[in-house]
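Below is one structure; the comments refer to it alone.
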Amino acid sequence: MNWYIILTSLVVLSTIFSCQVVGDEKRFSSPGIGYIEVRSDLEGARVYFDTLYMGHVMNGSLTIPVDTMVKPSWKNVRMEYSGYLPHAGPYFPPEAGKTIAYRIDLGNTSYERSGMVMFTSEPDGTEFLLNGKSVGVTPDSGILIAYTVPRGLYVVNAQRSGDQTITDELYVDENAATTYSVKMSPSPLGELVIDSTPEGGDIFLDNRFTGLAPLVMKDVPTGEHTVLIRLSGYQDWTGNASISGGRSESVEAVLVSSGSQPEPEIADEPVEPVKQ
């Protein structure tokens, strides 16, 4: 209880200095304040630092401000929820002004055959997936810690908008801590979606025929490209497309009639025979 009073006092004092509101969430920006963000799919799951109650999960997460200038007395982050086995994992202190995210998935069976994975990314905002299932996105610290990961060999993907996707293998051992780090790099390829009115025109990208409109072109090199659409009876349409790595660019063309469509043939009127 004493630690709860002390922590509450620190938070109240921090509001005297300054705070900022991000969406519906208030975050304190006074010196020395860092954050622990506990994520879970169990709404209402209770979170503790050792035995000190810190709050419960709402809308998928609970963000806890902590004073980084004071050495923490607690050792573990613990979660409880009715009908599930509680779980406690090691506490990792954040840096001032930064957030460390904890992903805790509670279950109904023993955690003996599970391990912990610390995902780190540069830059932050990278999403990690294990066997195609999202673990989460790294916060501003670039650190995401996943508890209760079942032992086994996984296909791990790291993806971030505009960057190349990294695919690798990761083995998680039971009762062990594994670190998996990535450094993302910009993707050299993007996507180009081309549509036209009317449809069916020949599409040329940088003077090379690529198909008929509408067309989705993947793996287009980044940079500036020239688009030409040609359809019989219509003026050629030309435009430019700027492709960024890992992103999709759209081009919509409206073709103008050339006025050169062949006129319909008119049959000759029949000539009446001359009466004798």
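Everything quoted here is computed from the prediction, not taken from an experiment. Numbers here are sequence positions counted from 1.
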Do Val182 and Phe128 make a side-chain contact, defined as non-hydrogen atoms from C-beta onward lying under 4.5 Å apart? yes
When rounded to the nearest 0.5 Å, the distance separating CD1 of Ile203 from CH2 of Trp237 is 9.5 Å
Around atom CD of Glu95, are there more than 12 heavy atoms of other residues, nucleotides or ligands at under 6.0 Å? no
Are the side chains of Pro90 and Met116 in touch, meaning some heavy atoms are under 4.5 Å apart? yes
Show me the pairs that pass side-chain hydrogen bond (donor to acceptor under 3.5 Å, both in side chains) and involve residues 196-210, at least two apart or across chains. Asp206-His225
Without swapping roles, check the side chain of Arg78 against the backbone of Asp50 for a donor-acceptor pair under 3.5 Å. yes
Tyr171 ring center within less than 6.0 Å of Tyr154 ring center: no
Sidechain-backbone polar pair: Ser258 side chain, Gly233 backbone, donor-acceptor under 3.5 Å: yes
Quick check against the 3.5 Å criterion: does Asn157 have a side-chain atom that pairs as donor or acceptor with the backbone of Thr167? no
So, taking the atom named CD1 in Ile143 and the one named OG1 in Thr138, what distance separates them when rounded to the nearest 0.5 Å? 9.5 Å
Side chains of Ile229 and Ile194 in contact at under 4.5 Å (non-hydrogen atoms): yes
Are Arg160 and Met184 side-chain neighbours, meaning at least one heavy-atom pair lies under 4.5 Å? yes
Check whether Tyr180 and Ile145 end up in the same hydrophobic cluster, where Ile, Leu, Val, Met, Phe, Trp and Tyr are linked by side-chain heavy atoms less than 4.5 Å apart. no
Got a sec: does the CD of Gln235 have more than 12 other heavy atoms crowding it under 6.0 Å? yes
Does any part of the side chain of Trp74, heavy atoms only, come nearer than 4.5 Å to the side chain of Leu52, both counted from C-beta? yes
Got a donor-acceptor contact below 3.5 angstrom from the Ser141 side chain to the Thr99 backbone? yes
Between Glu37 and Arg39, is there a salt bridge with N-O shorter than 4.0 Å? yes
To the nearest 0.5 angstrom, please state how far the OH atom of Tyr84 sits from the OG atom of Ser40. 9.0 Å
Can you check whether Ser244's main-chain N or O pairs, donor with acceptor, with Thr222's side chain at less than 3.5 Å? no
What distance separates Tyr91 OH from Ile100 CD1, expressed to the nearest 0.5 Å? 7.5 Å
With no hydrogens and no angle check, just 3.5 Å: does a side-chain donor-acceptor pair link Gln164 and Ser187? no
So CD of Glu80 and CZ of Arg46: to nearest 0.5 Å the spacing works out to 5.5 Å
Flag the pair Asp236 and Arg230 as a salt bridge only when some basic side-chain nitrogen lies within less than 4.0 angstrom of an acidic carboxylate oxygen. yes
Scan side-chain atoms only and decide if Ser114 and Thr148 contain a donor-acceptor pair under the 3.5 Å cut-off. no
One thing to verify: whether Asp173 and Arg113 come together as a salt bridge, which I'm taking to mean a side-chain N less than 4.0 angstrom from a carboxylate O. no
